[in-house]
Each structure stands twice: as C-alpha cells, then as structure tokens.
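What follows is one structure encoded as structure tokens, with my remarks underneath.
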Amino acid sequence: MTRTPVNVTVTGAAGQIGYALLFRIASGHLLGADVPVKLRLLEIPQGMKAAQGTAMELDDCAFPLLKGIDIFDDPNQGFDGANVALLVGARPRTAGMERGDLLSANGGIFKPQGAAINAHAADDIKVLVVGNPANTNALIAQAAAPDVPAERFTAMTRLDHNRAITQLAQKTGSDVTDIKRLTIWGNHSATQYPDIFHAEIAGKNAAEVVNDQEWLADTFIPTVAKRGAAIIEARGASSAASAANAAIDHVHTWVNGTAAGDWTSMGIPSDGSYGVPEGIISSFPVTTKDGKYEIVQGLDINEFSRKRIDASVAELVEERDAVRALGLI
Ligand SMILES: NC(=O)c1ccc[n+]([C@@H]2O[C@H](COP(=O)([O-])OP(=O)(O)OC[C@H]3O[C@@H](n4cnc5c(N)ncnc54)[C@H](O)[C@@H]3O)[C@@H](O)[C@H]2O)c1
Ligand SMILES: O=C(O)C[C@H](O)C(=O)O
C-alpha cells in the first residue's frame with residue numbers, strides 16, 4: 001500500500017540547525033523508515049536563496065522517502081496542510097538587547113506562525129518549538145492557535161535530556177543505553193533541572209550509583225544546564241547538529257512511543273502536575289504512545305529537587321507574565 005506523505009514544515013530552514021535537520025527528516029529518521037515526507041520550508045525573504053540551495057542539495061540525495069520540497073516566505077502557505085511543524089527560526093539575542101526586546105521580537109515571529117498554524121495546518125498537527133526562548137515561544141504560538149488542542153504545542157528539552165544522559169554515563173563508566181528514566185524539569189535555560197533521583201543505570205538507582213552529592217550539585221547540574229553556552233564558546237556558534245538530532249528524537253519519540261520502562265523529557269503545557277502552574281510550557285518526564293504523551297505521575301520529589309524545579313518554573317512564570325504584559329498571549 002502506498003502511504004500518503006506526511007507534510008513536515010520546517011522554519012528557519014536556511015539556518016545551521018535547518019541544514020543539519022532537513023537531510024535526516026528526508027532520510028526517514030523523523031517519522032520512520034517507511035514514512036514518505038513532503039518538506040515545506042519556511043524562511044524570511046533574505047533566507048529564501050539559501051533555502052533554495054539546501055533544497056537543491058536535498059534533490060541531489062535522491063532520498064526514496066522525499067516526495068516534494070516547497071519553499072515559502074509566507075507562514076500561511078508554509079503551514080498549509082502541515083502534519084508536523086518544527087519551529088526552528090527565531091530572533092537571536094544580540095548585543096544590548098534586553099530580555100523584553102528579545103521576547104517582543106520573537107512574539108513578532110511566533111504569534112503569526114501560531115495564527116497560521118491555527119488557520120491552515122492539518123487537524124493532526126504536532127508542533128515542536130526549537131527556537132529560543134523555546135518554552136515561551138511555544139506558549140506564544142499556542143496562544144495564537146485557539147482551535148488547535150493546546151497539548152500539540154511542545155518545546156524542546158530533549159537536547160538537555162541527551163546531554164544529561166551522556167554526562168551521567170561518562171561519570172559512572174556506563175553505556176548511554178544503560179540509562180533510563182532521566183528527567184529534565186522546567187525551562188530550556190540555565191535554570192533547568194536535570195534530575196537523576198528517579199533515573200536508573202542498568203536497573204540501579206542512578207543517584208545511589210553516583211553517590212556523590214557534590215558532583216551532582218557542583219558539576220553535573222551546571223555542566224548540563226550551561227552546555228549550550230559552552231558549545232557557543234568552543235565552536236563560535238550555537239549547537240546545531242546536536243540540536244537537530246534532539247529535534248529528530250523528540251518528534252520520533254512523540255510519534256512512535258517511549259520504550260517500555262523508560263520515559264523522556266518534553267516541554268509541554270502543564271496540567272498542574274508537580275505544582276507547576278497550569279498552562280505554562282515546562283519540561284516534564286513523559287511517556288508517549290500512539291502519538292500522545294502523558295506526564296509520569298507519582299514521583300517523589302525530594303527537597304533538593306523541589307528547590308530547583310521551583311526556581312526554573314518561577315523563571316517560566318516570569319517569562320509568561322512578560323509576554324502577557326506585551327500583549328503576546
Ligand atoms: N531548544 C534547544 O535545545 C535549542 C538548541 C540549539 C539552538 N536553539 C535555538 O534554535 C534557533 C535556531 O538556531 P540556528 O543555529 O539554526 O540559527 P540560525 O541563525 O543559523 O538560523 C535561523 C534561521 O531562521 C530564519 N528565520 C528567522 N526568522 C524567521 C521567520 N520568521 N520565519 C522563518 N525563518 C526565520 C533565519 O533567516 C535563519 O536562516 C535559535 O533560536 C537557537 O537559539 C535551541
Ligand atoms: O542557542 C543557545 O543559546 C544555546 C542552545 O539553546 C543550546 O542549548 O545549545
């Protein structure tokens with residue numbers, strides 16, 4: 001049976017993450033090795049020529065699953081019929097820019113994109129926001145799309161999740177595949193909290209295996225939370241291939257499910273679980289099945305974790321209040 005191609009819209013397609021992402025979507029890593037895709041690339045007018053160049057290279061790969069590429073500079077066209085939308089393009093912070101300016105500039109991108117998704121995307125649209133500040137940009141887009149179920153808007157903390165797995169594996173001399181049930185809580189920012197108290201390493205409690213509170217507080221958490229800045233310092237540019245890889249992982253897991261006994265981390269609208277105010281887009285431990293996710297319930301949150309989750313959530317509440325004051329939500 002021939003499957004209908006899935007329409008995947010990627011914004012910021014001519015950027016560095018776009019360049020690392022599009023070839024993997026086209027080769028079947030986003031949705032599955034048997035799922036044909038049509039790419040819809042969305043750029044700003046200045047990015048159109050470079051996006052066309054990337055599309056030429058995609059053509060030159062003769063990917064069996066790639067059934068079409070269209071390029072737009074109008075969100076209403078870019079999101080038309082989209083089943084999956086990866087919102088990567090964003091306004092980066094530049095020298096002298098205050099946080100309010102950054103939120104306002106991104107509001108100018110994510111509000112119209114949310115409205116275009118609301119008006120034109122397919123009924124089963126799933127949205128992943130990668131562009132920073134990812135959680136709050138996702139909130140802005142979601143608020144502009146009242147007819148789309150709120151839970152379809154998610155923000156990426158999978159890169160943080162993957163970073164934390166490797167740091168833990170390297171510390172304990174284990175394999176990344178031995179590590180399960182790790183959680184990123186809160187914001188994709190330096191306040192995020194990577195939690196190993198419920199994680200397992202080859203079936204044993206990770207915090208007990210590590211048994212080094214000082215390493216946890218003074219090395220592990222800051223290393224994971226500040227990894228983005230460390231990459232920028234080392235590479236002279238922000239993470240791109242690892243961010244693209246995490247976007248692939250996020251959507252693949254959302255669509256295809258978490259493995260039995262494991263979970264992942266996703267930025268999702270809070271339902272009030274774990275004391276996170278309803279509606280803000282915060283990272284939680286989630287399981288996924290049949291294209292839907294659920295927050296893992298019933299985890300005991302110790303005092304060490306509570307303090308850190310609360311701090312990151314407080315930052316998200318501040319960001320929400322700031323975009324509310326700007327009339328963006
Ligand atoms: N959540 C995460 O874990 C994570 C990780 C890494 C990077 N990021 C963020 O991802 C974003 C993209 O990073 P990058 O390195 O690809 O940046 P980049 O500057 O290389 O590319 C961004 C692209 O977006 C385009 N763009 C800007 N406004 C647009 C709009 N309104 N519509 C469509 N396209 C638009 C630009 O023309 C550019 O081509 C940044 O905000 C970055 O901070 C997030
Ligand atoms: O773009 C950034 O500021 C960093 C990025 O979010 C990352 O985590 O690598």
Side-chain angles (χ1 to χ4, degrees), residues 9-22 40-55 71-79 82 85-94 97 99 102-117 127-138 140-141 144 154-164 184 186-192 194 222-251 265-268 281-283:
T9 298
V10 179
T11 78
Q16 49 152 7
I17 294 177
Y19 194 72
L21 183 59
L22 292 166
R40 304 180 75 77
L41 314 186
L42 183 64
E43 257 297 341
I44 50 176
Q46 307 90 288
M48 290 295 279
K49 189 164 178 227
Q52 277 152 8
T54 304
I71 310 173
F72 307 97
D73 60 7
D74 171 0
N76 290 311
Q77 292 178 310
F79 292 110
L86 304 176
L87 275 47
V88 178
R91 172 75 164 81
R93 191 197 287 264
T94 38
M97 211 174 179
R99 208 165 62 136
L102 182 73
L103 291 171
S104 159
N106 277 300
I109 296 174
F110 287 87
K111 198 172 172 179
Q113 289 185 356
I117 288 169
V127 181
L128 168 63
V129 176
V130 175
N132 282 320
N135 301 54
T136 298
N137 286 340
I140 294 169
T154 67
M156 191 165 95
T157 53
R158 185 62 173 264
L159 179 54
D160 311 297
H161 182 97
N162 289 345
R163 287 168 170 165
I184 303 294
N187 201 359
H188 172 68
S189 76
T191 68
Q192 67 177 268
T223 299
V224 174
K226 295 182 190 161
R227 185 70 162 185
I231 301 278
I232 292 171
E233 169 65 25
R235 239 172 59 83
S238 65
S239 61
S242 57
N245 178 67
I248 296 276
D249 283 351
H250 176 114
V251 174
S265 305
M266 286 170 68
I268 58 169
I281 298 195
S282 177
S283 188

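Counting convention: from 1, in listed order, for ligands and their atoms alike. The structure presented is a predicted model; accordingly, all values stated were derived computationally and were not measured.
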For [atom], which protein heavy atom lies nearest, and how many Å away is it?
{"atom": "atom 43 (O) of ligand 1", "value": "N132 ND2, 2.8 Å"}
{"atom": "atom 4 (C) of ligand 2", "value": "G228 CA, 4.0 Å"}
{"atom": "atom 20 (O) of ligand 1", "value": "Q16 N, 2.9 Å"}
{"atom": "atom 33 (C) of ligand 1", "value": "L42 O, 3.5 Å"}
{"atom": "atom 31 (N) of ligand 1", "value": "I109 CG2, 3.4 Å"}
{"atom": "atom 22 (C) of ligand 1", "value": "G15 CA, 4.1 Å"}
{"atom": "atom 29 (C) of ligand 1", "value": "I44 CG2, 3.5 Å"}
{"atom": "atom 11 (C) of ligand 1", "value": "V88 O, 3.2 Å"}
{"atom": "atom 2 (C) of ligand 2", "value": "N132 ND2, 3.6 Å"}
{"atom": "atom 36 (C) of ligand 1", "value": "E43 OE1, 3.5 Å"}

Give a yes/no on ligand 2: does R227 have at least one heavy atom closer than 4.0 angstrom to it? no

Near S239, which atoms of ligand 1 are under 4.0 Å from a heavy atom of that residue? 5 (C), 6 (C)

Side chain to side chain donor-acceptor pair (under 3.5 Å), paired with Q192, selected from D160, N135, T157: D160

With side chain to side chain donor-acceptor pair (under 3.5 Å) as the test, pick out the partner of S265 among H188, H161, R158. H161

Spatial distance of atom [atom1] ([X]) from atom [atom2] ([Y]) [nearest 0.5 Å]:
{"X": "I140", "Y": "Q113", "atom1": "CD1", "atom2": "CD", "result": "11.0 Å"}
{"X": "I268", "Y": "S282", "atom1": "CD1", "atom2": "OG", "result": "8.0 Å"}
{"X": "L87", "Y": "T11", "atom1": "CG", "atom2": "OG1", "result": "4.5 Å"}
{"X": "I17", "Y": "L86", "atom1": "CD1", "atom2": "CG", "result": "10.5 Å"}

Give me the atom names and distance for the closest heavy-atom approach of [X] to [Y].
{"X": "I281", "Y": "A155", "answer": "CG2-CB, 4.0 Å"}
{"X": "A116", "Y": "N76", "answer": "CB-OD1, 3.5 Å"}
{"X": "S242", "Y": "S239", "answer": "OG-CB, 3.5 Å"}
{"X": "N106", "Y": "N132", "answer": "ND2-O, 3.5 Å"}
{"X": "V130", "Y": "A247", "answer": "CG2-CB, 4.3 Å"}
{"X": "A14", "Y": "A51", "answer": "CB-N, 3.7 Å"}

Going by heavy atoms, is [X] under 4.0 Å from ligand 1?
{"X": "Q113", "result": "yes"}
{"X": "S238", "result": "yes"}
{"X": "A90", "result": "yes"}

Give yes or no for whether the N/O distance cutoff of 3.5 Å, strictly under, is met between [X] and ligand 1.
{"X": "G12", "value": "yes"}
{"X": "I17", "value": "yes"}
{"X": "G89", "value": "no"}

[X] heavy atoms, cut-off 4.0 Å: which ligand 2 atoms fall inside?
{"X": "S239", "answer": "7 (C), 9 (O)"}
{"X": "S238", "answer": "1 (O)"}
{"X": "H188", "answer": "5 (C), 6 (O), 7 (C), 8 (O)"}
{"X": "R163", "answer": "7 (C), 8 (O), 9 (O)"}

Derivation and outcome, side chain to side chain contact (heavy atoms under 4.5 Å, CB included), residues E43 and D73: CA-CA 5 Å; E43 257 297 341; D73 60 7; 5.7 Å; no

Any chance you could lay out the side chain to side chain contact (heavy atoms under 4.5 Å, CB included) test for V127 and F79, step after step, and finish with the verdict? CA-CA 11 Å; V127 181; F79 292 110; over 6 Å; no

Of the backbone atoms (N, CA, C, O) and the side-chain heavy atoms from C-beta on, which set of L159 has a member under 4.0 Å from an atom of ligand 1: side chain, backbone, both, or neither? side chain

Where does A243 meet ligand 1, judged by heavy-atom distances below 4.0 Å: at the side chain, the backbone, both, or neither? side chain

